[in-house]
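Along the sequence shown, residues carry numbers from 1. Keep in mind that this is a model prediction, so the values were computed, not measured.
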Amino acid sequence: RSGEMAKLTQLLDNEAFRAYATYATIVLLKMMSMSLITAYFRITRKAFVNPEDTASFGKGENAKKYLRTDPDVERVRRGHLNDLENIVPFLGIGLLYALSGPELSTALLHFRIFVGARILHTLAYLIPLPQPSRGLSWAVGYTVTISMAYKVLKTALYL
């Protein structure tokens with residue numbers, strides 16, 4: 001058991017891993033906030049997808065009018081879906097990258113740019129900002145993930 005603790009301690013001594021853990025947590029909290037924003041928009045726009053969610057607005061036909069889609073709710077949902085499509089790969093590739101022995105400054109640059117790009121992407125979706133702001137922020141984050149994947153493959157090349 002003490003051997004396992006020693007391995008964990010060594011992992012926490014890895015500064016690139018600690019940087020990854022920090023920025024992964026930030027981006028996960030950002031992604032989780034999208035659920036709350038979706039709920040806020042559903043409630044304020046009275047746009048629900050499940051009949052039981054409309055119960056506080058009446059019964060029968062009166063409640064059915066709240067079973068609808070709303071453009072604002074759908075916009076937030078698309079932003080959340082985009083988070084899932086981009087943050088999940090970042091988590092896996094970023095972890096492998098952090099464990100591949102990168103320079104701390106380079107790792108921090110990758111992680112900070114990715115997180116900044118995802119925050120900008122969310123703002124571009126929610127405000128909305130004119131294009132190409134959303135597209136560019138997506139492309140920057142995606143490029144960072146590809147860059148880390150390249151570094152992992154270059155470092156551990158078992159192809």
Side-chain angles (χ1 to χ4, degrees), residues 4-5 7-45 47-50 52-53 67-159:
E4 291 174 23
M5 287 302 281
K7 289 177 187 176
L8 182 59
T9 302
Q10 285 175 332
L11 188 58
L12 294 177
D13 286 341
N14 178 337
E15 288 185 294
F17 176 79
R18 288 198 341 252
Y20 164 78
T22 299
Y23 289 97
T25 300
I26 291 168
V27 80
L28 283 169
L29 288 170
K30 188 225 76 65
M31 186 170 68
M32 289 171 61
S33 73
M34 295 299 281
S35 297
L36 299 174
I37 295 168
T38 302
Y40 170 80
F41 274 84
R42 283 201 182 284
I43 292 165
T44 59
R45 306 303 194 272
F48 303 99
V49 292
N50 300 308
E52 62 273 15
D53 298 337
L67 290 173
R68 62 187 183 84
T69 59
D70 177 86
D72 294 330
V73 173
E74 293 307 308
R75 185 170 195 82
V76 176
R77 291 184 68 238
R78 286 191 306 274
H80 194 182
L81 179 60
N82 193 276
D83 274 352
L84 290 168
E85 293 168 349
N86 290 275
I87 291 172
V88 170
F90 166 81
L91 294 173
I93 291 170
L95 175 61
L96 295 173
Y97 173 74
L99 297 175
S100 72
E103 289 290 325
L104 178 61
S105 60
T106 306
L108 284 168
L109 187 64
H110 277 92
F111 301 151
R112 288 173 177 165
I113 290 173
F114 181 84
V115 171
R118 291 313 305 172
I119 289 170
L120 181 58
H121 184 270
T122 296
L123 293 174
Y125 237 123
L126 296 180
I127 291 176
L129 297 176
Q131 281 286 32
S133 59
R134 192 179 78 240
L136 285 175
S137 60
W138 170 83
V140 167
Y142 198 83
T143 301
V144 166
T145 304
I146 295 297
S147 172
M148 291 186 300
Y150 173 78
K151 170 70 163 87
V152 168
L153 289 173
K154 186 178 168 199
T155 301
L157 200 58
Y158 278 110
L159 299 177

Quiz item: Given the rule in the side-chain contact (heavy atoms from CB on, under 4.5 Å) test, do His110 and Tyr23 qualify, once you have shown the distances and angles that lead to the verdict?
Solution: CA-CA 10 Å; His110 277 92; Tyr23 289 97; over 6 Å; no

Exercise. Report the C-alpha separation of Val49 and Arg42 in whole Å, then their side-chain angles, then the decisive distance to 0.1 Å, and conclude whether the side-chain contact (heavy atoms from CB on, under 4.5 Å) test is met.
Key: CA-CA 9 Å; Val49 292; Arg42 283 201 182 284; 3.9 Å; yes

Self-check item: Stepwise side-chain contact (heavy atoms from CB on, under 4.5 Å) check, Asn86 with Thr145
Solution: CA-CA 9 Å; Asn86 290 275; Thr145 304; over 6 Å; no

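Atom CZ of Phe111 is separated from atom CD1 of Ile26 by 11.5 Å, given to the nearest 0.5 angstrom. Note that CG of Asp72 and CZ of Arg45 are 4.5 Å apart. Values are rounded to the nearest 0.5 Å. From Thr22, atom OG1 reaches atom CZ of Arg18 across 8.0 Å, with rounding to the nearest 0.5 Å. Taking CE of Met148 as the reference point, atom CG of Leu153 lies at 12.0 Å (rounded to 0.5 Å). Ile146 CD1 to Ile93 CD1: the interatomic distance, rounded to the nearest 0.5 Å, is 6.0 Å. In this structure, CD1 in Ile113 is found 13.5 Å from OG in Ser137, a value given to the nearest 0.5 Å.
The closest donor-acceptor contact from the side chain of Tyr97 to the backbone of Tyr150 lies at 3.5 Å or more, if one exists at all. Although no hydrogens or angles enter the test, the distance criterion places a donor-acceptor pair under 3.5 Å between the side chain of Thr38 and the main chain of Met34. A donor-acceptor pair is defined here as one N or O able to donate and one able to accept, closer than 3.5 Å; no such pair exists between the side chain of Asn50 and the backbone of Glu52.
Under the ring pair (Phe, Tyr, Trp, His ring centres under 6.0 Å) criterion, Phe48 pairs with Phe57, not counting sequence neighbours.
Ser35 and His80 make their closest contact through OG-CE1, 3.2 Å (heavy atoms, listed as atom of the first residue, atom of the second, distance). Here the closest non-hydrogen pair linking Leu108 and Ala19 is CD2-CB, 3.6 Å. Closest heavy-atom contact between Val73 and Ala47: CG2-CB, 4.4 Å. Closest of all the heavy-atom pairs between Phe90 and Ala24 is CE2-CA, 4.3 Å. Of all heavy-atom pairs spanning Leu91 and Tyr20, the tightest one is O-OH, 2.6 Å. Residues Leu96 and Val152 approach most closely at C-CG2, 3.7 Å, considering heavy atoms.
With contacts defined as side-chain heavy-atom distances shorter than 4.5 Å, the pair Arg77/Phe41 does not qualify.
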Side chains of residues 122-135: which donor-acceptor partners sit under 3.5 Å, not counting sequence neighbours?
{"residue": "Thr122", "atom": "OG1", "partner": "Lys30", "partner atom": "NZ", "Å": "2.6"}
{"residue": "Thr122", "atom": "OG1", "partner": "Arg118", "partner atom": "O", "Å": "3.1"}
{"residue": "Gln131", "atom": "OE1", "partner": "Arg134", "partner atom": "N", "Å": "3.3"}
{"residue": "Gln131", "atom": "OE1", "partner": "Gly135", "partner atom": "N", "Å": "3.0"}
{"residue": "Ser133", "atom": "OG", "partner": "Pro130", "partner atom": "O", "Å": "2.6"}

